[in-house]
Amino acid sequence: MNRPASMDPPLRCEGLARSFGGVQAVAGVSLALPAGQVTALVGPNGAGKTTVFNLITGNLRADAGVALLRGQSILGLKPWQVARRGVARSFQDLRLFTHMSVRDNVLAATERSAWFWQPGTGRRAREAAAEAALEATGLATLATARAVDLAYAERKFLSMARILAAQAEIWLLDEPASGLDLASRLRFGQLLKDARARGVAICLIEHNLDVVAELADRIAFLDQGRVLAEGEPQAILRDPQLAAIYFGDRPQEVA
Amino acid sequence: MTAYLASLATLAAIFAILAVTLNFMVGYAGIFSVAHAVFFGLGAYAGAQVALHLVPDALAACAVAALIAGGLSLCLALPALRVRGEYFVAASLGLQMMALTLFSEAKGLTGGLGGLIGIPPPRLFGFAVGALPLSLAALALILLAIAAMARGSFGRTLQSIRDAESAAEALGKNVAVAKALAVAFACAGAGVAGALFALHMQFVNVESFTLEQSVLVMAMVIVGGTGTLLGPVVGAVLLLSLPAGLAFLPFIPPTEVGAVQQIIYGLAMTLLMIFRPAGLVGDLSRGRSEA
């Protein structure tokens, strides 16, 4: 199912760094997102996972480092410019268009132009993409409900439906499965597997290690703004030192 | 009496244009401006000057007014739109105060405090036309335009920015351009209302373009129903006819009408916000959308 490893990863970051005041939130993170693979970003709270996303998408300016999308630098671009180059992201707090209908939320994801008309794809194609995203996320029957009236899991799937409809090659997902029950989690997993099979490069921030073990092809373990380890899920998940950091028993530093 | 009612109806249509265009900014794009009267004023002065010095043609006056009000709104909005939410309210407040001073001081263009007098009544392609049908036609056209935009991708873009600006950006929407377009359209509409106002009153001065006027238009939007198509029209008609209606009540002494009107205004606004927080029209449509 996975693409051959020889293919160049569409997104590659090297030495990304960013500090807030005196805190080094991200301290030289290098990361490659290969097509058709799920890369999980794992690490304790405050490790810098979301900051890495914000640096890639242009929501934050990087102090140092490079981010290349298909070989071209995307650092310094505005978030909407990065999005139009094929990077879609979700937010931990979802940020749905609360007072719009479910269908309009998804349709809005297919419409990029700020002008009165949409160049490129026709209206039919956009509507078809939106309907397909609604079907895939199980929201078709709720299409006319307002986003604010949805239940918790439905909101998370609406956030995923927007990403699906955006038809991006890179997905940056910030805790998309948190708080989902088992059935919903399985449905979510299927969405990711389908996208992976289509060659989407997926990066997933996730705290539930069962979800990570089931879905991730690779894990990058972040702590204090650095990638401590990167590799096959089983190797990372079995590493006792990483587990100690993850579960809060940080080894005392020798004075 | 008929003339009085026609004049009142014309004013209602003009203020309805102001309210629906402000609602386009507030209700669809989430941009709260308390400077709508500035663009009303720009349009009024521009329309008056066209009628006084070029041709007394309503179409020409409205077109020039829309261009000037819409164009200047862009120059002023582009830097101001970089700030968000309540900070934009403060920026627009500053603009409103600054513009009022400019209106009073730029005597060559605005006639200063004395205003512009002797504005000829509206004509259309050489024929005399009433201000009422003109205003109603302009209101209808603007409502149609807003309805079309609200249903299309532009309306969705604005609403998505209103609800979650960062998410709209993350989906590839150029938020600054969309907001600037919304502001330019709304302010051009306010300019048209201004030109019609000048042609209808045949006199304009700075008194009509104060902060109170901006707040009154905002109240029309909120009372009628923010983000609804027809709510602001209802709000405009209601708030404009209330003082006129009170003047006809026999048991209120004419000298006290002003005070009674203030009390009723305040009371009605407070009760409305308690019982129908989404506005008169807003509540109904919300009930419908949940059904």
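Protein chains get the first letters and strands the later ones, always in sequence-line order, with residue 1 at the start of each. The model shown is predicted, which means the values in this text are computed figures rather than measured ones.
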Mind checking whether [X] and [Y] have side chains closer than 4.5 Å, heavy atoms only?
{"X": "B/Gln159", "Y": "A/His99", "value": "no"}
{"X": "B/Asn174", "Y": "A/Arg84", "value": "yes"}
{"X": "B/Arg156", "Y": "A/Glu111", "value": "yes"}
{"X": "B/Leu171", "Y": "A/Phe97", "value": "yes"}

May I ask you to name which of [options] has the most heavy-atom pairs under 4.5 Å with chain A?
{"options": "B/Ala148, B/Ala164, B/Ser160, B/Ala178", "result": "B/Ser160"}
{"options": "B/Thr157, B/Ile161, B/Leu181", "result": "B/Leu181"}
{"options": "B/Ala180, B/Ala182, B/Ala168", "result": "B/Ala168"}

- Message: Nearest 0.5 Å, please: how far is OG in B/Ser153 from CZ in A/Arg126?
- Response: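 So the CZ of A/Arg126 and the OG of B/Ser153 are separated by 6.0 Å.
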Contacting region of [X] [heavy-atom separation from chain B under 4.5 Å]:
{"X": "A/Val87", "result": "backbone"}
{"X": "A/Ser113", "result": "backbone"}
{"X": "A/Thr57", "result": "neither"}
{"X": "A/Ile163", "result": "neither"}

For the residue pair [X] and [Y], what are the closest heavy atoms and their distance?
{"X": "A/Phe91", "Y": "B/Ala167", "result": "CE1-CA, 3.7 Å"}
{"X": "A/Ala83", "Y": "B/Gly172", "result": "CB-N, 3.4 Å"}
{"X": "A/Thr98", "Y": "B/Asp163", "result": "N-OD2, 3.2 Å"}

- Between A/Lys78 and B/Glu169, is there a donor-acceptor pair closer than 3.5 Å when you use the side chain of the first and the backbone of the second?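 Here the side-chain-to-backbone pair does not exist.
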- Are there more than 12 heavy atoms of other residues, nucleotides or ligands under 6.0 Å from atom CZ of A/Arg70?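 Yes, CZ of A/Arg70 has more than 12 neighbouring heavy atoms, counting only those of other groups under 6.0 Å.
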